[in-house]
Student: 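A single structure is presented below for examination.
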Amino acid sequence: MDATGIGLWGVPLAILGGAIRVSTPFIFVSLGEAITERSGRINLGLEGTLVFGAMSAYAVAVMTGSPWLGLIAAAFAGLCFGLFHGWICKFPKVNDIAIGIALMLFGSGLAFFFGKPFIQPSAPDLPAIPLGAWSDIPQVQAALDVNMLFLIGAALAVFLWWAFRNTRAGLILRVVGDSSDAARAMGLNPNTVRLAATGVGGALAGIGGAYLSLYYPGSWTEGISSGQGLMAVALVIFARWNPLGCFAAALLFGGAGALGPALQSVGVTQGYYLFYAAPYILTLVIMIATSSPSRSLAGAPGELSITK
Amino acid sequence: MTARFTLSRRQLLKTSAAGAALGLASASFPIGRAFAAAATVGFIYVGPKDDYGYNQAHAEGAAALKGIEGISIVEEENVPETVDVQKTMESMINLDGASLIFPTSFGYFDPHMLAMCAKFPDVQFRHCGGMWNKDKHPMNAGSYFGYIGMGQYLNGVVAGHTSKTKKLGFVAAKPIPQVLLNINSFLLGARSVDPTITCQAIFTGEWSLAVKEAEATNALVDQGADVITCHVDSPKVVVETAAGRGAFVCGYHANQSPLAPEKYLTGAEWNWAKVYKMFVDDLIAGKPLPNFTRGGLADGFVKMSPLGPAVSEPARKQFDATLAEMMKGGFSVIKGPLTSNKGVVVATEGQAFAETAIELESMDYLVEGVVGSTA
Amino acid sequence: MTDTVAGAPATFGARGYPAALEWIARRAEAFVIPIAALIVGMVLFSLFILAVGKSPIQLYETMWRGGFGSWFSVQNSLSRAAPLLLAALCVALPARLGLVVIGGEGAIVLGGVAAAAAGMALNGAPSFIVILVMGVAGMAAGGIWIGAVGALRHYRAVNETISSLLMAYIAIALMNQLVEGPLRDPASLNKPSTQPLAEIYRIGNMPGMEVHWGLAVGVVACMLSWVLIEKTRWGFAARIAGGNVRAAQVQGLAVGSLIVGFTGLAGAFAGLAGMLEVAAVQGSANASLAAGYGYTGILVAFLARHNPLAIIPVAFLLGGIDASGGLIQRRMDLPDATVLVLQGMLFIVILFSETLYGRFKAFNPDLWQRSS
């Protein structure tokens, strides 16, 4: 083996490292969206929330010097966007998908508008935990430099999976998502529950944005997201509204995304566009393989417009 | 019109086609405000004009013109290479009275700028990219471009001295001639220091794709590269990611040293201010604008970022010596004997291509020592 | 206001009001509410502009001049609206069946590539044949791509929203691979493209206008789609199936064919948009095909409430805002994102205004009290 490079081992290591590095925004956005969709609403606007979260986190980190304040700002901004979506969609005949698309424009627009002065300055990054310190190989150390948010995301996925089944809040969420009428019969106000669910979902998407600008890739530019928020929303359907599934889907997506550059770095250079499409192809193939008309969309919330 | 209008009426009339077009435009669109100046110059960017890269380099050039008396600047950013850019040019002419337009993105030329050249024969268009050909294209069109290969060669010289692993990394957008020449120049510069050095190239496939650029940088560092450079529209992500992994970086397009002051070695930058000033001086003087302008380091079209603190003394010496030689003229980056990384001879012993050589414009190979493929 | 309104019978309605008045009142809602929403959105945006220290009056004046105020500006807006018409149909048609397809972008780029490939293969043939075959190739590529989304939905129960989005990314990768590989014109050095179409195979502008024929094609496609949805039994069947698949099957409707047919047609329209982009604008297929029209089309379709006729004015409005965005940047020193903020605000208010339909007595003669 080469003294400096790690040769073919780079590929699995890059997939592991990529899964950890790239997946975190997907984890947060898809967990947030899972909560929202479980309540019976779909918020396609999380792409805009993600971008606005990235901008506000970066801006606050630049101004205060603290990435943690940036993170809080992003979560708060996301909460506001989510609450706004939740509030406006409670009115009859207002289409949640359409409002989401408008919010996508609005969030990105505001982020680009106010983000101009923050493209030049450098913000402090969120710190990472060196879980790879046991290894002498710098590449392994680098791949296992895990950001706190990744671990929080993993814990959150497990918690939500448990909470959806075993807590009163989880039960309320599922009842509201499955049938507004049943919820009302139980004395619940579906609009209030959905407002809260969309707000929390937005806050999580904002945190995902903070990860983008404050950790990986760790900079604020207008091209920071390249559609990750939209993709994460789609992954929720792929994961069948299961938080553990969301986590796994995000890992799969992040890992597959690292495949293209890693293969090129070990000399597989033909057809790299197709390797770059690997995450999408893989997801599509898995979806086709695991779907069947007889047990369609098990776990789909009954009130969700996109699956009706 | 106003007090700021300092050119005499005769001078204005002398400004030939450009002036006439302006006169017509302002007569038919008496909007005021925008016509306080003798000539309006339009700049169109494909991305945000503060991207720390390609567009910023042009915008800095445009900013250098603000303040020149008699010239007013109009700018539009994030204009895609579709019918949008045609309409933007038309709008600059019809509504702002622009008499000289710089569409700065490569993809603006054909068919978009050519369509507008035919439609507005009295307006001057100058495109960044060296595509203009007097047999094929109208006289109100033109090209300007810089030869930045030598800049990447100098990047390579410093990188070659700095690298301990003898492996360099290059994050590239697409395998097109300009990019390939930059990769080759970077490696050849490094090999002028140590002929065993190799350079790994990774193509991201897009001009601007933050996460993929970061992944490519990580993959390069994982393979042992300890000096990274790039050719993407916005090098910010590559520079920050590489520095974060402890690798050194060479910049591109603009000066990125504030992003990683300790790790930034040097960088190949555009100096568009000089080019734009030259055009505008001709415009004010009423001289016909050149149709084809190209230049490199020696002509001041390209400049190097100041050397960073990590550059060693021997590196500084060789950098200065090579730069001095380039400034004298006659320096060739691509010269024989040279084979491609597929073993094909691209330059025989004694053969040397000047930076202006037409052969280099259709470069489709990576030289020996570059790990990567052009397709 | 009595019986002077042309087209409306000069009789009196059940409540003693002139029938013409009732006729107007019922239809006024569909115009008054969106226009009022537009005004409210503009007022809200004025506050935003005031807050960042600029003059809203100057802004709207600039917008008017840039997007609507002159024949040049109108043509500018129409040019930008042209691709959005077909892109929006790619969303609106499946929406009739209750399907949310968001991957029209993929059909557009593949339609463009297929059309360019067809044009290259037939180089030398008479121009009308080449243009026709290019159109068919573009429509076929787009139709198969989105039709596959519909087929996957019906036969494998794969959610169409996610599959269409995934397939859009795959289509763009495919386009890049083809344009930089087998279909690349070796002479396209620094911008990999297919071979440029000969001048005779290009689609030009409509007479008397600076807007290419794609606009007319888009308008006709919207009209035909409206007829299909509103006036044919397929459209009727689609609406039933969109409401309730089981009910449709009980009634003996071939739901599978409906879904594949509608999604296929939707994709064909998007593919045609790609073909027009190649034949009327770019002259060859290259990465500029992925200009985001497919995504803007989603917005247009939802704003038009998936009504093909309403797509036409909505696309024009969007094109106009886009066209004026440049002038706003140049004249007012505001960033390009200003128009994104405006679009976001306007559309949120317009979409919110849907809740107002049926709430105003003035628009509902059934609630009027008897006049005598």
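Order of the sequence lines fixes the chain letters, A, B, ..., with proteins taken first and strands second; residue numbering starts at 1 for each chain. Since we're looking at a predicted model, the values are computed, not measured.
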Student: Which bit of A:Tyr215 comes within less than 4.5 Å of chain B, counting heavy atoms only: side chain, backbone, both or neither?
Tutor: neither

Student: Looking only at atom types and distance, does a side-chain atom of A:Tyr216 sit under 3.5 Å from a main-chain N or O of B:Glu215, one as donor and one as acceptor?
Tutor: yes

Student: List the atom of B:Gly224, the atom of A:Gln139, and the distance in Å for their closest heavy-atom pair.
Tutor: N-NE2, 4.3 Å

Student: What are the two closest non-hydrogen atoms of B:Ala201 and A:Gln264, and how far apart are they?
Tutor: O-OE1, 4.1 Å

Student: What part of B:Leu259 gets closer than 4.5 Å to chain A, counting heavy atoms only: side chain, backbone, both or neither?
Tutor: both

Student: If you compare all heavy atoms of B:Ile202 against all heavy atoms of A:Pro261, which two are closest, and at what distance to 0.1 Å?
Tutor: CD1-O, 3.5 Å

Student: For the backbone of B:Gly205 and the side chain of A:Tyr272, can you confirm whether one donor and one acceptor N or O come within less than 3.5 Å of each other?
Tutor: no

Student: Does any donor atom in the side chain of A:Gln120 or B:Gln56 lie under 3.5 Å from an acceptor atom in the other side chain?
Tutor: yes

Student: I need the contact set between residues 52-61 of chain A and chain B: heavy-atom distance under 4.5 Å, sorted by residue number.
Tutor: A:Tyr58

Student: Give me the contact list for residues 275-286 of chain A versus chain B, heavy atoms only, anything under 4.5 Å, ordered by residue number.
Tutor: A:Tyr276

Student: Within this structure, what is the CG-CG distance for the pair B:Asn218 and A:Asp145, rounded to the nearest 0.5 Å?
Tutor: 10.0 Å

Student: Indicate the atoms forming the closest heavy-atom contact of B:Lys236 with A:Pro121, along with that distance.
Tutor: NZ-O, 4.1 Å

Student: Flag the one option from B:Asn78, B:Thr204, B:Val171 with the top tally of heavy-atom pairs under 4.5 Å to chain A.
Tutor: B:Thr204

Student: If you look at every heavy atom in B:Asp50 and A:Ile119, which pair is closest and at what distance?
Tutor: O-CG2, 2.9 Å

Student: Which atom pair, heavy atoms only, marks the closest approach of A:Pro217 to B:Thr241?
Tutor: O-OG1, 4.1 Å

Student: Indicate yes or no: at least one non-hydrogen side-chain atom of B:Glu240 is less than 4.5 angstrom from one of A:Asp125.
Tutor: no

Student: Using non-hydrogen atoms only, which part of A:Ser219 is less than 4.5 Å away from chain B: side chain, backbone, both, or neither?
Tutor: both

